[in-house]
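Data block below; observations after.
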Amino acid sequence: MVSVLLDIIIIDQDPDIVTNPTPIIREEIKEEIKEYVTEEKIINLTGVKSLYQVSYLNMTTVDSRESSLGSIGKLCPNILQLKFTSSIVPSIRDLGIFLHRLEILWLNDCQLKELDGISSIPSLRELYVAFNQISTFSPLISLEHLFLVDLENNNISDVWELPFLSLCKKLTHLTLSGNPIQKELGPRYFEEIAQVASNIKFLDDQPVGKRSLSKSHNNEETMFSTEIEEAKKLGSEVGIDLQSTAKQKSNLLDTKNKDAIFCGSPARV
């Protein structure tokens, strides 16, 4: 049994016509949801006539290990923003494969261990996953619309991860402060990321260009210079293959599960 705070925004316009739906109702309800979320439960809690109206949902103190969340996107097909607060969601796959229109996702401090499965959220533009246990952001390369990622205080430590940033063409805002890689790169932190991923314009809420120049040390060699150069070369050589592989995995996931109805834990692929 899980105590859930549902915070919703209702829209009264046709989501296929309105670019920025206007919220007309905002409700906060605290109830207990057992085992899994259903249409009847959300309607009873919120009083809405149709879950097609829901564009924003905030769930508090939910544990995806005890309550299945895989049907949220199917129940609320027009949801654009989904937020989990004081919750436990170890895997993106726990959210299912129906969040096709979702644009903003908050999973801060949710004991999230990986980003695998995020390709099933193809419209994602902003991702907030600070204070988790993520060690790689390579799954992000499948997201063509992603422009902001907050990975503060995770476990990113390998410089070989950096080329993946350049494959996220629209990614311009990135937060990596508090990750081991920041300490390892030292004073060249901003400069190295700027060189590997020129698409990043703001790093840790600071303009990359000005900061990287101010921290430059006349191209002096560091213990990571060779690794950085090899990583950049790798990113250039295999970028297309990596993107193709990610899309193939995403298509495979959709094909295997397009008719699935989740009544327990979401299927793992």
Handout entry: Any donor-acceptor N/O pair, Ser67 side chain to Ser64 backbone, under 3.5 Å
Key = no
Problem - Value rounded to 0.5 Å, distance of NE2 in His173 from OG1 in Thr175 - result: 9.0 Å
Problem - Min side-chain heavy-atom separation Leu140-Val149 under 4.5 Å - result: yes
Problem - Test item: Asp204 and Glu152 side chains (from C-beta on) under 4.5 Å apart, heavy atoms - result: no
Problem - Any Ser91 side-chain heavy atom under 4.5 Å of Lys113 side chain - result: no
Practice task
Report, as yes or no, whether the 6.0 Å neighbourhood of atom CG on Asp205 holds more than 12 heavy atoms from other residues, nucleotides or ligands.
Solution key: no
Handout entry: Heavy-atom donor-acceptor pair, Asn132 side chain to Asn108 backbone, under 3.5 Å
Key = no
Practice task
To the nearest 0.5 Å, tell me how far Gln182 CD sits from Leu203 CG.
Solution key: 8.0 Å
Exercise for the section: Specify the closest pair of heavy atoms between Ile200 and Leu171, including all atoms of both residues, with the distance to one decimal. Expected result: CD1-O, 3.5 Å
Problem - Ile88 with Phe131, same ILVMFWY side-chain cluster at under 4.5 Å - result: no
Practice task
Look at the side chain of Asp94 and the backbone N and O of Ile92, then say whether any donor-acceptor pair between them is shorter than 3.5 Å.
Solution key: no
Exercise for the section: Start with the C-alpha gap between Asn78 and Val54, add the side-chain angles, then the distance that decides, and say whether side-chain contact (heavy atoms from CB on, under 4.5 Å) holds. Expected result: CA-CA 7 Å; Asn78 294 316; Val54 177; over 6 Å; no
Practice task
Give, for atom CD of Glu184 and atom CG of Asn179, the distance between the pair rounded to the nearest 0.5 Å.
Solution key: 10.0 Å
Exercise for the section: Report the C-alpha distance between Gln111 and Gln133 in whole Å, list the side-chain angles of each, state the deciding distance to 0.1 Å, and finish with yes or no for side-chain contact (heavy atoms from CB on, under 4.5 Å). Expected result: CA-CA 6 Å; Gln111 300 184 29; Gln133 304 160 29; 4.1 Å; yes
Exercise for the section: Would you indicate whether the side-chain heavy atoms of Leu107 and Leu105 approach each other to under 4.5 Å? Expected result: yes
Exercise for the section: Work out which heavy atom in Glu103 is nearest to a heavy atom in Leu124; give both atom names and the distance. Expected result: O-CD1, 3.5 Å
Practice task
Over all heavy atoms of both residues, which pair between Ser120 and Gly96 is shortest? Give the atoms and the distance, please.
Solution key: OG-O, 3.5 Å
Completion exercise
Phe98 and Gly70 have their tightest heavy-atom pair at CD1-O, 3.5 Å
Exercise for the section: For residues His145 and Ser123, report the shortest heavy-atom separation together with the two atoms involved. Expected result: CD2-CA, 4.1 Å
Practice task
Using modelled atom types only, decide if a donor and an acceptor are shared between the side chain of Glu192 and the backbone of Arg188 within a distance under 3.5 Å.
Solution key: no
Exercise for the section: Mind telling me whether Tyr128 and Trp106 have parallel, tilted or perpendicular rings, with 30° and 60° as the class edges? Expected result: parallel
Problem - CA sep, side-chain torsions, deciding dist, call: Val196, Leu165, side-chain contact (heavy atoms from CB on, under 4.5 Å) - result: CA-CA 8 Å; Val196 176; Leu165 296 174; 6.0 Å; no
Handout entry: Contact check, side chains of Phe190 and Gln206, non-hydrogen atoms, under 4.5 Å
Key = yes
Handout entry: Exam field: side chain Thr85 to backbone Thr60, donor-acceptor pair closer than 3.5 Å
Key = no
Practice task
Would you check if the side chain of Asp150 reaches a backbone N or O of Val129 as a donor-acceptor pair within less than 3.5 Å?
Solution key: no
Problem - Asn155 side chain vs Ser135 backbone, donor-acceptor pair below 3.5 Å - result: no
Practice task
Indicate yes or no: at least one non-hydrogen side-chain atom of Arg101 is less than 4.5 angstrom from one of Pro77.
Solution key: no
Problem - From Leu176 atom CG to Ile193 atom CD1, the distance as rounded to the nearest 0.5 Å - result: 5.0 Å
Practice task
Start with the C-alpha gap between Leu99 and Leu82, add the side-chain angles, then the distance that decides, and say whether side-chain contact (heavy atoms from CB on, under 4.5 Å) holds.
Solution key: CA-CA 9 Å; Leu99 296 168; Leu82 179 59; 4.1 Å; yes
Practice task
Working to the nearest 0.5 Å, report the span between CG of Leu57 and CZ of Phe84.
Solution key: 7.0 Å
Exercise for the section: Answer yes or no for Lys170 and Phe147: cation-pi contact, defined as NZ/CZ to six-membered ring centre under 6.0 Å and angle to ring axis within 45°. Expected result: no
Problem - Heavy-atom check, side chain of Leu115 versus side chain of Leu127, under 4.5 Å - result: yes
Handout entry: Nearest heavy-atom neighbours spanning Pro122 and His100
Key = CG-O, 4.0 Å
Problem - Same apolar cluster (I L V M F W Y, side chains within < 4.5 Å links), Val208/Phe202 - result: no
Handout entry: Sidechain-backbone polar pair: Asn154 side chain, Ile134 backbone, donor-acceptor under 3.5 Å
Key = yes
Handout entry: CZ-CD distance between Phe137 and Glu161, expressed to the nearest 0.5 angstrom
Key = 5.0 Å
Practice task
Could you tell me whether the side chain of Ser87 and the main chain of Val62 form a donor-acceptor pair under 3.5 Å?
Solution key: yes
